[in-house]
Structures are given as structure tokens and as C-alpha cells.
Amino acid sequence: MKAIVYTRVSTADQGKSGLGLQAQLDAVTEFCKTENIDIVCHYEEVETGKGSNALDKRPQLVKALAHAKKENGYLVVAKLDRLSRNVAFISSLMETKVPFIVAQLGKDADPFMLHLYAALSEKERELISSRTKAALAILKAKGVKLGNPTNLDEARLKSNATNRKEASAFADNVLPMVQQLRDDGCTLPAIADKLNSLGVKTRRGGKWHASTVSNILKRS
């Protein structure tokens with residue numbers, strides 16, 4: 001059995017420290033050693049796991065899934081929340097037909113168990129969010145000023161600049177995969193179908209079409 005290892009932390013500080021990433025890698029390495037699973041490659045990422053469309057923001061996970069599919073192997077993570085705390089996201093990964101193993105749950109964990117743990121993680125995230133909002137409401141009621149006032153025009157300019165930056169970053173992340181498929185002789189519709197089958201969304205969270213693939217290739 002072959003394994004493609006994926007590790008993730010949510011913040012830059014965690015990524016710079018390496019503590020979270022290294023702990024995950026150590027756990028997966030020990031698990032694979034015990035289960036006689038060969039580790040082929042390791043991908044790591046510093047990015048949020050929020051949302052059912054989180055795959056759009058995580059190019060390393062996209063690469064890991066493609067690699068696992070190519071090797072006819074398994075994607076292996078230390079804990080389920082390293083993939084996501086979102087049930088819809090976990091379900092979409094299952095639909096890609098790339099099997100994954102959560103070391104914490106063991107290699108024989110069935111889809112029902114994975115859905116159950118994903119639901120529990122999603123609920124935990126919602127509770128954390130509710131407690132944070134409640135705490136902020138208390139501070140606001142006490143007259144504590146939250147955030148910094150910003151000139152509206154300046155905010156719009158920053159927003160436009162951010163959108164352009166995010167569009168460029170998204171194109172840079174997905175372009176290598178699109179270009180490789182193009183070099184392999186795939187047509188634009190075939191590339192769109194491939195990206196959709198892998199669960200990769202467009203920057204706005206939609207499905208790929210020949211026209212959106214063409215737009216990405218024009219950036220090369």
C-alpha cells in the first residue's frame with residue numbers, strides 16, 4: 001500500500017514554528033510504519049480549512065490528491081480536521097474516489113465513522129465561533145471599540161487590490177496542473193472535466209468550463 005502524506009496548519013505562526021506540521025508528520029510516519037504502508041511523498045500547507053470550498057485555497061492538497069490518484073494509493077493525514085471540519089467538504093473528498101486514511105482513526109475507519117467525526121468537528125467549530133461572538137458582544141456593550149475605523153474609499157481600493165491579488169494567486173496555483181494537462185494533449189473541455197472530477201472549484205466556487213480553463217491559460 002502506498003501513501004501520500006498531507007499535513008496542514010491554519011496560521012503562518014504555526015507554519016513558521018513547524019511544531020504542528022512536524023507533530024502531524026511524526027504521527028503519520030509512525031502509523032505508516034506500524035501498518036507497513038510505504039510513504040511515497042509528503043505535502044504540507046499553511047492555510048485555513050474553513051468552508052465546503054476550502055480546496056480552492058489549498059493547492060498542496062490538490063496536488064496530494066492528484067499524486068495519490070496517480071500512484072493508486074491513499075492520502076494519509078494525522079487527524080480528520082487536518083482535511084477539514086466541514087462535513088460537506090469531507091463528503092466531496094470521498095466523491096473524488098481518492099481514498100484517504102486518518103491515522104488517528106485507523107485504516108479501517110468506514111465512511112459512516114468519518115462523517116460522524118466530521119460532524120462533531122464542525123459542531124465544535126460552530127461552538128467556538130459562538131463563544132467568540134458572545135465575548136465580542138460583551139466587550140462592545142462595555143464600550144470597547146472593536147477594529148479600526150477606515151476611510152470608505154481607501155477600503156474599496158484595498159478590497160479591489162486584494163481581489164486582484166487573490167485572482168493572481170489562484171491562477172498561479174492552478175496553472176501548473178492545467179498546463180500539464182494541456183501539454184499531455186487534453187482539450188479545454190477535457191481539462192475542465194478533470195478539474196471538476198478532482199473536486200477543484202474555480203476561484204468563485206463554481207465548476208470549470210472550457211472558457212474558464214482558457215482564461216487561466218492566457219495568464220501563462
Side-chain angles (χ1 to χ4, degrees), residues 4 6-12 15 41 43-71 73-75 77 80-100 111 114-115 118-119 121-122 125-126 129 155-220:
I4 303 300
Y6 175 73
T7 57
R8 178 184 67 83
V9 290
S10 299
T11 68
C41 192
Y43 293 85
E44 67 177 46
E45 198 146 47
V46 180
E47 185 55 77
T48 180
K50 291 181 180 180
S52 60
N53 66 334
L55 198 61
D56 302 345
K57 299 174 286 188
R58 291 157 63 182
Q60 294 306 309
L61 178 55
V62 173
K63 292 178 182 178
L65 287 167
H67 197 162
K69 193 168 188 176
K70 180 180 179 181
E71 294 286 346
Y74 288 76
L75 180 74
V77 295
L80 187 60
D81 63 5
R82 294 307 84 199
L83 287 174
S84 180
R85 291 177 182 267
N86 185 281
V87 177
F89 183 83
I90 296 300
S91 296
S92 68
L93 282 185
M94 291 179 178
E95 292 174 359
T96 66
K97 306 303 181 183
V98 177
F100 59 88
L114 293 173
H115 275 105
S121 293
E122 186 174 32
R125 188 194 66 219
E126 291 172 357
S129 177
R156 287 199 187 100
L157 289 174
K158 288 183 177 180
S159 177
N160 292 336
T162 298
N163 286 335
R164 288 193 296 270
K165 184 177 180 181
E166 289 179 351
S168 295
F170 176 80
D172 290 342
N173 286 331
V174 78
L175 182 59
M177 181 185 296
V178 172
Q179 189 64 63
Q180 182 61 57
L181 291 170
R182 188 63 167 165
D183 292 344
D184 290 342
C186 293
T187 62
L188 298 183
I191 295 174
D193 290 342
K194 183 68 173 178
L195 292 172
N196 289 329
S197 69
L198 288 173
V200 181
K201 303 292 185 182
T202 64
R203 190 174 76 89
R204 298 187 181 278
K207 288 187 175 297
W208 288 87
H209 301 283
S211 59
T212 46
V213 173
S214 177
N215 290 336
I216 290 294
L217 287 170
K218 287 177 181 178
R219 290 178 172 269
S220 61

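Note that these values count all heavy atoms, side chains included, but never hydrogens, waters or copies made by symmetry. Predicted, not measured: the structure shown is a model, and the values here were computed from it.
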Original post:
If you measure from CG on Leu61 to CZ on Arg8, what distance do you get to the nearest 0.5 Å?
Top reply: 9.0 Å
**OP:** Let me know which of Leu195, Thr187, Asp193 forms a side-chain contact (heavy atoms from CB on, under 4.5 Å) with Ile191.
**Re:** Leu195
Original post:
At what distance, to the nearest 0.5 angstrom, does CG of Leu83 lie from CD1 of Ile90?
Top reply: 5.0 Å
Original post:
Quick one: CD on Gln179 to CG on Asp184, what's the gap to the nearest 0.5 Å?
Top reply: 10.0 Å
Subject >> side chain to side chain donor-acceptor pair (under 3.5 Å), paired with Tyr6, selected from Lys63, Arg58, Glu44 >> reply: Arg58
Original post:
Does Tyr74 OH have over 12 foreign heavy atoms under 6.0 Å away?
Top reply: no
**OP:** Of all the heavy-atom pairs spanning Pro99 and Gly73, show the shortest one and how long it is.
**Re:** CG-O, 3.7 Å
Original post:
Out of curiosity, Tyr43 OH to Ile4 CD1, how far, rounded to the nearest 0.5 Å?
Top reply: 6.0 Å
Original post:
What residue among Ile216, Leu217, Asn215 forms side-chain contact (heavy atoms from CB on, under 4.5 Å) with Val213?
Top reply: Leu217
Subject >> Taking every non-hydrogen atom, the tightest pair across Leu181 and Lys194 >> reply: CD1-CG, 3.9 Å
Original post:
Between Asn196 (side chain) and Trp208 (backbone), is there a donor-acceptor pair under 3.5 Å?
Top reply: yes
Subject >> Beyond-backbone contact of Pro59 with Glu45, side-chain heavy atoms, under 4.5 angstrom >> reply: yes
Original post:
Once you round to the nearest 0.5 Å, how far does OG1 of Thr7 lie from CD of Gln60?
Top reply: 9.5 Å
Original post:
Taking all non-hydrogen atoms of both residues, which atom of Lys69 and which atom of Val98 are closest, and how far apart?
Top reply: CB-CG2, 4.0 Å
